[in-house]
Amino acid sequence: FSINTANTESYNDSEHIILHNAKNIIQNITNSLRDKLKYDELVYQDDKVNFIRNLIEKNTYDYSRELLCCEKALEQVSFEYNCLDFITSGELLDSSDRTVVKIHSCLVQSFYIYEHEFKEKNIKVEINKNYDSFFCNFFSIRSAFALLFENCVKYCQENTDVTVSIDKQRDGSIKIDFDMISVFNTDLELDTIFLEHRRGEEAKKKTSGKGLGLFLVRRLLDINGFSVTMKRMSNTDTYNNEIHFC
């Protein structure tokens, strides 16, 4: 994926449900906590508080990271509600809706929401250090980044790397690239991947979905005046469990 902060297009389509993302985040939090707290054992404990306390004391660092992930995820859920009015208006946001945002910090906060899932699939994510900022609506941009990381963790090949780079262009705009080994998309699919309810054939083999994630990414970026494109790099094709990656 490539995101560029220079774009003048605005779309005013019919209303769509951004709460799709909030639901996925809540489900991820629940699954992660159930796993961490050994939920199957917990339900049979008479003293549930001490049971959990003993688990935490055995690995305070691991549980501290889990708490941080949950905090970022719950914060993001509240952001999704804030974004609802923005996403349904379809209009470019004016300056009163925007603030100066550190790009690297925004990306890292979004990544924390899915850190547990990336770790489970042994996908290493490297977000290049950068001190640039952009002028945007923080809630909607962090939601867009969260959706992109959700897309990565769902469709990237396990045991691979994701690199996120941030570069200032000659015209002053910022270009953010997500490089990854992900499910293969045909040329036609690349042209339609950001449309509503569109999913590639290889994506359908890997996991279920409604084809809303990247559609909402584009909507969230559009209202900030940003653009997003997706392209396939050459000579990187591979197969794993009969799924075509590139």
Practice problem: Could you list who else is in Ile56's hydrophobic cluster, with ILVMFWY side chains joined at under 4.5 Å, directly or through other members? | Solution: Leu37, Tyr39, Leu42, Val43, Tyr44, Phe51, Ile52, Leu55, Tyr63
Quiz item: Given a cutoff of under 4.5 Å between side-chain heavy atoms of I, L, V, M, F, W and Y, with clusters grown through shared members, what are the other residues clustered with Tyr131?
Solution: none
Self-check item: Phe118: partners by ring-ring contact (aromatic ring centres under 6.0 Å, His included), with sequence neighbours left out
Solution: Phe111
Quiz item: Is Val183 reachable from Phe149 through a run of I, L, V, M, F, W or Y residues, each pair having side-chain heavy atoms under 4.5 Å apart?
Solution: no
Quiz item: With sequence neighbours excluded, what pairs up with Asp191 under the side chain to side chain contact (heavy atoms under 4.5 Å, CB included) test?
Solution: none
Quiz item: Which residues satisfy the side chain to side chain contact (heavy atoms under 4.5 Å, CB included) test with Phe135, sequence neighbours excluded?
Solution: Ser95, Arg98, Val100
Quiz item: Can you name the residues that form a side chain to side chain contact (heavy atoms under 4.5 Å, CB included) with Asn128, not counting sequence neighbours?
Solution: Glu126, Thr163, Ser165
Quiz item: Which residues, ordered by chain and number, are linked to Leu67 in its hydrophobic cluster, where ILVMFWY side chains connect at heavy-atom gaps below 4.5 Å, directly or through other members?
Solution: none
Self-check item: Short side-chain donor-acceptor distance under 3.5 Å, Arg34 and Asn31
Solution: no
Quiz item: Sequence neighbours excluded, which residues qualify as ring-ring contact (aromatic ring centres under 6.0 Å, His included) partners of His116?
Solution: none
Quiz prompt | Under the ring-ring contact (aromatic ring centres under 6.0 Å, His included) test, residues paired with Phe184 that sit two or more places apart | solution = His244
Quiz item: Where the side chain of Lys121 meets the backbone of Val153, is there a donor-acceptor pair that is under 3.5 Å apart?
Solution: yes
Quiz item: How would you list, by chain and number, every residue that makes a ring-ring contact (aromatic ring centres under 6.0 Å, His included) with Phe245, sequence neighbours excluded?
Solution: none
Self-check item: side chain to side chain contact (heavy atoms under 4.5 Å, CB included) involving Lys124 - partner list, sequence neighbours excluded
Solution: Asp161
Quiz item: Hey, what else clusters with Leu188 if you join Ile, Leu, Val, Met, Phe, Trp, Tyr whenever side-chain heavy atoms sit under 4.5 Å?
Solution: none
